[in-house]
Amino acid sequence: MAPTCSIEITLKDGALYAQATGRGALRLWPESENEFPLKEVNAQRTFVRDAAGVVTGIVLHQGGRDSPGKKIK
């Protein structure tokens with residue numbers, strides 16, 4: 001991801017949403033514990049976990065590219 005881009009993941013009413021910088025929030029639909037394809041656009045997000053199972057980052061898969069990002073909070 002670009003240094004100026006961030007993705008905020010939120011939990012609302014039992015569902016996860018992702019909102020990229022300058023974009024609207026999109027619901028994440030779980031395919032597995034870590035894989036979340038988007039229905040609105042041809043993209044997928046994968047949560048990256050450490051050995052203890054704690055989420056440490058995310059990878060955006062879109063347009064044949066894999067763009068990793070680190071968890072900030």
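Side chains are part of it too, since the values below use all heavy atoms of this structure and drop only hydrogens, waters and symmetry mates. Keep in mind that this is a model prediction, so the values were computed, not measured.
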Asker: Decide whether L38 and L11 are clustered together by the hydrophobic rule: side chain heavy atoms of Ile, Leu, Val, Met, Phe, Trp, Tyr closer than 4.5 Å, transitively.
Answerer: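 As far as the 4.5 Å side-chain criterion goes, L11 and L38 are connected within one cluster.
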Asker: Output every pair passing side-chain hydrogen bond (donor to acceptor under 3.5 Å, both in side chains) with a member in residues 13-34, not counting sequence neighbours, ordered by first then second residue.
Answerer: S6-T21, N34-R49
Asker: Is the shortest heavy-atom distance from the side chain of V48 to the side chain of V55 under 4.5 Å?
Answerer: no
Asker: May I have all residue pairs that pass side-chain hydrogen bond (donor to acceptor under 3.5 Å, both in side chains) and include part of residues 54-66, sequence neighbours excluded?
Answerer: T46-H61, H61-D66
Asker: Can you list the steps and then say if L28 with R45 is a side-chain contact (heavy atoms from CB on, under 4.5 Å)?
Answerer: CA-CA 8 Å; L28 298 176; R45 286 169 169 74; 3.9 Å; yes
Asker: Looking at CZ of F36 and CD1 of I58, how far apart are the two atoms once the value is rounded to the nearest 0.5 Å?
Answerer: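 Reported value, rounded in 0.5 Å steps: 9.0 Å.
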Asker: For side-chain contact (heavy atoms from CB on, under 4.5 Å), just list the numbers for L16 and T10, CA-CA rounded to whole Å, side-chain angles, deciding distance to a tenth of an Å, and then say yes or no.
Answerer: CA-CA 6 Å; L16 286 177; T10 56; over 6 Å; no
Asker: What pair of heavy atoms forms the shortest contact from D50 to A52, and how long is it?
Answerer: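 Smallest interatomic distance, heavy atoms only, reads OD1-N, 2.9 Å.
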